[in-house]
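Quick notes on the structure that follows.
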Amino acid sequence: MSTGPAHWQILIAVLTGALLLALMWAWRRVAGRREMERRIEAARVRSGHVPLEIPTVRGGTNPSGDSVPDTLPEWFIQGKGEHAIVDETPRIRVRYFDGQDRKIECILQVDQLDLQKKIIVGHGELPGDTRRLPLHRIASARIAESGQRFNIDTWVEAVRVARRRRGQA
């Protein structure tokens, strides 16, 4: 039995194929784990949990008389009887695509989030600089004060949950 070049080529091809199969298996496993984590986080937001990476404000336990806090379960009470609740009008740094598909970056004080039309209405730093941004055109968002990135879709879902709990849905 001679181990000629043909045998080495077959051996290398088989090892390369096995390595590619192992990489594909590992990639699918990692992608499945990330998808599972994303679904779990989305379920938490739908159940009223406010993630730490979205804009929040502090609210008292009785913001409007005898009503309960709008976004957090009772176990999340933090110091002095205040809760972290979703900020529906944050000041954010937004990167978005305009009508001509150019990437624009601006600091925006959100005035209104329209959940039916799926747009954010806000004003910029200059007088009369009002912008209406469709949610699907937003590429990224950061909290203006801290520069911390946050997922705009998670924020929108948290606002939807907060409004539903207040009876504004």
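Since we're looking at a predicted model, the values are computed, not measured.
- Side-chain N or O atoms of Gln109 include one that pairs as donor or acceptor with a backbone N or O of Thr89 at under 3.5 Å.
- Residue pairs satisfying the side chain to side chain donor-acceptor pair (under 3.5 Å) criterion with at least one member in residues 128-144, sequence neighbours excluded, are listed as follows: Tyr96-Arg131, Asp101-Arg137, Asp129-Arg131.
- What you find for Ala158 and Val86 is that their closest heavy atoms are CB-CG2, 3.6 Å.
- A distance of 13.0 Å separates CD1 in Ile92 from CD in Gln148, rounded to the nearest 0.5 Å.
- Contact annotation: the side chain of Val156 approaches that of Leu115 to within less than 4.5 Å [non-hydrogen atoms, C-beta and beyond].
- Taking NZ of Lys117 as the start and CD of Gln112 as the end, the distance is 8.0 Å to the nearest 0.5 Å.
- Judged as a side-chain hydrogen bond (donor to acceptor under 3.5 Å, both in side chains), and not counting sequence neighbours, Gln9 has no contacts.
- Of all the heavy atoms in Ile152 and Ala141, the pair that sits closest is CD1-CB, 4.1 Å.
- A donor-acceptor contact shorter than 3.5 Å links the side chain of Trp155 to the backbone of Asp87.
- Residue pairs meeting the salt bridge (charged side-chain N to carboxylate O under 4.0 Å, His left out) criterion with at least one partner in residues 143-155, sequence neighbours excluded, are Arg91-Glu145.
- Counting heavy atoms from C-beta on, the side chains of Val94 and Glu105 never come closer than 4.5 Å.
- Under the 4.5 Å side-chain heavy-atom criterion for grouping Ile, Leu, Val, Met, Phe, Trp and Tyr, Val45 is not connected to Ile143 through any hydrophobic cluster.
- Among pairs with a residue in residues 14-23, none fulfils salt bridge (charged side-chain N to carboxylate O under 4.0 Å, His left out), at least two apart in sequence or across chains.
- In this structure Glu41 satisfies the salt bridge (charged side-chain N to carboxylate O under 4.0 Å, His left out) test together with Arg44, sequence neighbours excluded.
- Between Glu37 and Arg33 there is no salt bridge, since no side-chain N of the basic residue sits under 4.0 Å from a carboxylate O of the acidic one.
- No side-chain heavy atom of Leu19 sits under 4.5 Å from any side-chain heavy atom of Leu21.
- Met36 is not listed as a side-chain neighbour of Arg39, based on a closest heavy-atom distance of 4.5 Å or more.
- When all heavy atoms of Ile54 and Phe150 are compared, the closest pair comes out as CA-CB, 4.2 Å.
- In terms of heavy atoms, Glu88 sits closest to Val110 at O-CG1, 3.8 Å.
- By the side chain to side chain contact (heavy atoms under 4.5 Å, CB included) test, Lys118 is found to be paired with Leu135, residues two or more places apart in sequence or in another chain being considered.
- Using a 4.5 Å heavy-atom threshold, the side chains of His123 and Leu108 count as separate.
- To the nearest 0.5 Å, atoms CD (Glu35) and CD1 (Ile40) are separated by 10.5 Å.
- Grouping the Ile, Leu, Val, Met, Phe, Trp and Tyr side chains by contacts below 4.5 angstrom, directly or via other members, places Ile138 with Val159.
- At a threshold of 4.5 Å between non-hydrogen side-chain atoms, the residues Ile104 and Phe97 do not count as touching.
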